[in-house]
Amino acid sequence: PLQVERNNFLSLSKSKDLTKVCLDFRKQKLCKEAIGTIAMLWKELQNITFVKLLLTNKDFNNQDLCDLCAYNFWCEKQVQALYLYLITTKINESGIKKLAQVIDGQNIKTFALDCSYSTFGDSCMKEISNILIGKLQYVESFDL
């Protein structure tokens, strides 16, 4: 996978045949400007089937997740493997609800959501159960 850092967004636009992408924001919090730039460049990437989002940052919260979900660029219909890492984040049911709503799930065969050491609780599990599970009709692997 291509790891894209904040100062290296042009690598995405030059890799139109890319099939796997890892967006790594463990060291620096994802800002609205970065999300917008990535979303704009992502339109050029039509062959992505594997997406890994590393959003493990202690300052990442529900609003940040909602900002990311507003663009919905990272879960296009062709995506077959979606890995979301929200370790040590401040995510709760409102963020998870928004996340579950934007995931299409049409072709996803592998889905992983890791919220270890975060504020993820029983209410988050309820949101996932109510919204997301029914969408993943073709899932072969589900990791929570």
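Annotation: side chain of Phe111 is not in contact with side chain of Asp143 (no heavy-atom distance under 4.5 Å). Between Leu82 and Thr110 the shortest side-chain heavy-atom distance does not fall below 4.5 Å. Side-chain atoms of Ile131 and Gln101, non-hydrogen and from C-beta on, do get closer than 4.5 Å to each other. Counting heavy atoms from C-beta outward, Asn61 and Asp59 have side chains that stay 4.5 Å or more apart.
Taking NZ of Lys97 as the start and CG of Asn130 as the end, the distance is 9.0 Å to the nearest 0.5 Å. Atoms CH2 and SG, from Trp74 and Cys69 in turn, are 4.5 Å apart once rounded to the nearest 0.5 Å. The NZ atom of Lys90 sits 9.5 Å away from the OG1 atom of Thr88 when rounded to the nearest 0.5 Å. Ile38 contributes atom CD1, which lies 3.5 Å from atom CZ of Phe25 (distance to the nearest 0.5 angstrom). The SG atom of Cys31 sits 9.5 Å away from atom CG of Asp64, with the distance rounded to the nearest 0.5 Å. A distance of 10.0 Å separates CD in Gln80 from OG1 in Thr19, rounded to the nearest 0.5 Å.
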*Full working for side-chain contact (heavy atoms from CB on, under 4.5 Å) between Tyr85 and Lys52*: CA-CA 8 Å; Tyr85 295 91; Lys52 184 189 308 184; 3.7 Å; yes
*Show your working on side-chain contact (heavy atoms from CB on, under 4.5 Å) between Leu86 and Leu113 and close with a plain yes or no.*
CA-CA 7 Å; Leu86 299 170; Leu113 177 62; 3.9 Å; yes
_The test is side-chain contact (heavy atoms from CB on, under 4.5 Å); show your working for Asn107 and Gln78 and say whether it passes._
CA-CA 6 Å; Asn107 294 315; Gln78 77 271 11; 5.5 Å; no
*asked:* Using the rule given for side chain to side chain donor-acceptor pair (under 3.5 Å), can you reason through Asn92 versus Ser94, listing the C-alpha separation, both sets of side-chain angles and the distance that settles it, and then say yes or no?
replied: CA-CA 6 Å; Asn92 62 32; Ser94 64; 3.1 Å; yes
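A donor-acceptor pair is defined here as one N or O able to donate and one able to accept, closer than 3.5 Å; such a pair exists between the side chain of Asp24 and the backbone of Arg26. Between the Lys98 side chain and the Gln63 main chain, no donor and acceptor come within less than 3.5 Å of each other. Distance alone, capped at 3.5 Å, is enough to place a donor-acceptor pair between the Asn62 side chain and the Gly95 backbone. Side chain of Lys135 to main chain of Ile103: a donor-acceptor pair is present (N/O by atom type, distance under 3.5 Å, no hydrogens or angles).
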Side-chain donor-acceptor pairs of residues 116-126 under 3.5 Å, sequence neighbours excluded:
| from | atom 1 | to | atom 2 | distance (Å) |
| --- | --- | --- | --- | --- |
| Ser116 | OG | Asp114 | OD1 | 2.5 |
| Ser118 | OG | Cys115 | O | 2.5 |
| Ser118 | OG | Phe120 | N | 3.2 |
| Thr119 | OG1 | Ile91 | N | 2.9 |
| Thr119 | OG1 | Ile91 | O | 2.4 |
| Ser123 | OG | Glu93 | OE1 | 2.6 |

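The hydrophobic clustering, which links ILVMFWY residues whose side-chain heavy atoms are closer than 4.5 Å, places Met40 and Val51 apart.
Leu68 pairs in a side-chain contact (heavy atoms from CB on, under 4.5 Å) with only one of the listed residues (Leu84, Leu99, Val102, Leu55), which is Leu55.
Ring to ring, Tyr83 and Phe50 are close: their centroids are under 6.0 angstrom apart.
Residues passing the salt bridge (Lys or Arg N to Asp or Glu O under 4.0 Å) test with Lys27, sequence neighbours excluded: none.
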